[in-house]
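Structure first, commentary second.
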Amino acid sequence: MTVGSPTLRAVFLGPPGAGKGTQAQRLAKEHRVLHVSTGDMLRQEVAGGSDLGRRAKGFMDAGQLVPDEVITAMLLARIQAPDASRAWILDGFPRTLPQAHSLDRSLQAEGIELSHAVDFEVPSDVLVQRLSGRRTCARCGSIWNVHSKPPRQPGKCDACGGELTQRADDRPDAVSKRLQVYAAQTAPVLDHYRAKEILVEIDADRPPEVVYENLMEVIAKPAG
Ligand code: AP5
């Protein structure tokens, strides 16, 4: 399987700060793969002040999951859009078993099969350190880190010159809640994909370029 072929239909799993967004952005840029991030979609809704955004904001700021019915409708509509006929990766979805089952049903109805469920594994103490240092470009969405990937000029994006901001849910109390929520609600999703024999695990506690090389290897061949 070539990496950009339309048969690449992958979900990226793993705790907050594991590097899903960092890897997905690079893959999308280098291989014309559609990157669908439910977190980014929700943050756009919040910024735009939509009803959905107003409903989601309280959950997100508190480090909790947005209700399944809200997020699932938004995600399924996105992957039915015309530009989703090419290869895609879902970053941050599914996060609960009901979301995974909804995705299964929707793909089955369209005759599409998920090719890979990639689990990015990182120890909790490393996640907390990464999230405390994360900065995101308000203009282009590029991800930086004051500890491990600082921009040349503090507070400015190297890619577009936009202002770098800290996410509201990267405060220590929200981070700790997100890690608890991950263990309770998202970890069972791994077993769902393990049973389908499409789960691949990547040690993501290594430099981003090494993780990316490993990711390229695993998605270039069928999972299982
Ligand atoms: P979302 O935006 O999806 O957040 P998340 O899953 O918590 O993941 P993060 O974006 O925090 O981390 P990441 O793994 O992408 O790491 P990144 O690459 O940025 O969701 C936010 C909220 O939206 C949720 O809490 C929930 O409320 C709601 N939501 C979203 N989807 C939902 C769903 N399906 N159901 C219900 N609610 C939903 O990297 C982190 C930092 O580490 C960066 O600074 C980066 O530079 C650095 N870094 C990355 N890789 C490395 C590396 N290898 N070495 C060193 N540093 C690294």
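These values consider heavy atoms only, across backbone and side chains, with no hydrogens, waters or symmetry-generated copies. Position 1 is the first residue of the sequence, and the numbers go up from there. Order of listing sets the numbers, starting from 1, for every ligand and every atom in it.
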For Glu197, enumerate each residue passing the side chain to side chain contact (heavy atoms under 4.5 Å, CB included) test, keeping only those at least two apart in sequence or located in another chain.
->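 Listed in chain order: nothing, the list is empty.
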Is the number of heavy atoms from other residues, nucleotides or ligands within 6.0 Å of CD (Gln166) greater than 12?
->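 Yes, CD of Gln166 has more than 12 neighbouring heavy atoms, counting only those of other groups under 6.0 Å.
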Take atom CD in Glu110; do more than 12 heavy atoms of anything else shown fall under 6.0 Å from it?
->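 It does: Glu110 CD has more than 12 such atoms within range.
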Using a strict cut-off of under 4.0 Å between a residue heavy atom and any atom of ligand 1, list the qualifying protein residues by chain and number.
->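 These residues qualify: Pro15, Pro16, Gly17, Ala18, Gly19, Lys20, Gly21, Thr22, Thr38, Gly39, Leu42, Arg43, Met60, Gln64, Leu65, Val66, Ile71, Gly92, Phe93, Arg95, Gln99, Arg130, Leu131, Arg134, Ile143, Trp144, Asn145, Ser148, Arg167, Asp169, Arg178, Ala204, Arg206, Pro207, Pro208.
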Under the salt bridge (charged side-chain N to carboxylate O under 4.0 Å, His left out) test, which residues partner Glu213, sequence neighbours left out?
->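 Checked Glu213 against salt bridge (charged side-chain N to carboxylate O under 4.0 Å, His left out); zero matches.
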Please report the closest heavy-atom contact between Gly141 and Thr136, naming both atoms and the distance.
->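 Minimum heavy-atom contact is O-CG2, 3.8 Å.
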Asp125: what forms a side chain to side chain donor-acceptor pair (under 3.5 Å) with it, not counting sequence neighbours?
->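 Partners of Asp125 by the side chain to side chain donor-acceptor pair (under 3.5 Å) criterion come out as none, since no residue qualifies.
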